[in-house]
Amino acid sequence: MKTALLALLAAAGTTGAPTAAQFNAALAAACPDQRAQTRNVACARAEEGSIQFSCDYEMRGAGGAWARHSAILQLAEGEWVWIDGPTLCDEEEPSLN
């Protein structure tokens with residue numbers, strides 16, 4: 001019974017939306033040379049049955065202002081991967097993307 005419960009919890013963890021920490025780790029992996037500050041990260045499945053998640057977030061730009069953005073993340077081999085969305089590596093001002 002305990003093994004079945006642990007398996008169920010593990011399966012649920014792999015299908016749920018990424019946490020803010022997981023989101024930030026994926027962003028850091030996508031843009032390792034620029035440390036981005038984010039807040040108000042909220043992710044939901046992009047479409048019913050999809051393995052991709054759409055995440056809305058705010059990121060502080062080079063000038064210090066917060067701007068709203070969206071990104072797509074996907075779980076691959078146990079890690080969240082940044083599929084699409086602005087990062088600080090894109091341009092000096094990601095709000096232009």
Side-chain angles (χ1 to χ4, degrees):
M1 174 113 164
K2 186 176 182 180
T3 304
L5 179 59
L6 290 175
L8 180 63
L9 289 173
T14 60
T15 59
T19 65
Q22 292 167 324
F23 174 89
N24 286 325
L27 175 57
C31 183
D33 295 333
Q34 300 287 328
R35 180 173 161 83
Q37 292 179 325
T38 63
R39 67 182 184 188
N40 300 325
V41 176
C43 300
R45 195 171 301 277
E47 295 177 5
E48 189 174 330
S50 175
I51 60 171
Q52 294 186 340
F53 285 77
S54 176
C55 300
D56 293 323
Y57 63 103
E58 292 180 42
M59 182 168 54
R60 182 172 278 182
W66 290 96
R68 196 95 181 116
H69 300 286
S70 294
I72 301 293
L73 273 64
Q74 178 176 319
L75 190 62
E77 298 182 14
E79 287 189 36
W80 288 100
V81 178
W82 193 269
I83 301 297
D84 188 32
T87 69
L88 293 178
C89 291
D90 295 334
E91 295 182 21
E92 282 188 30
E93 183 56 53
S95 63
L96 298 176
N97 294 325

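FYI, side chains are in, hydrogens and waters are out, and symmetry mates aren't considered; it's all heavy atoms of this structure.
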Would you mind reporting whether [Y] and [X] have side-chain heavy atoms less than 4.5 Å apart?
| X | Y | value |
| --- | --- | --- |
| Thr38 | Leu27 | yes |
| Trp82 | Gln74 | no |
| Gln52 | Ile83 | yes |

Residue pair [X] / [Y]: nearest heavy atoms and the distance that separates them:
| X | Y | value |
| --- | --- | --- |
| Trp80 | Gly16 | CZ2-O, 3.3 Å |
| Pro86 | Tyr57 | O-OH, 2.8 Å |
| Gln37 | Trp66 | O-CZ3, 3.4 Å |

Open item on the list: Around atom CD of Glu79, are there more than 12 heavy atoms from other residues, nucleotides or ligands closer than 6.0 Å?
Closed with: no
Open item on the list: Counting only heavy atoms from other residues, nucleotides and ligands, does the tally under 6.0 Å from CZ of Arg68 exceed 12?
Closed with: yes
- [ ] Using the rule that two of Ile, Leu, Val, Met, Phe, Trp, Tyr join whenever any of their side-chain heavy atoms come within less than 4.5 Å, decide whether Ile72 and Val81 are in one cluster.
- [x] yes
Task: Pairwise distance CD(Gln22) to SG(Cys43) - rounded to 0.5 angstrom - done: 9.0 Å
Task: Gap separating the CG atom of Leu88 from the CE atom of Met59, nearest 0.5 angstrom - done: 4.5 Å
TODO: Would you confirm whether Arg60, through its side chain, and Ala65, through its main-chain N or O, come within 3.5 Å as a donor-acceptor pair?
DONE: no
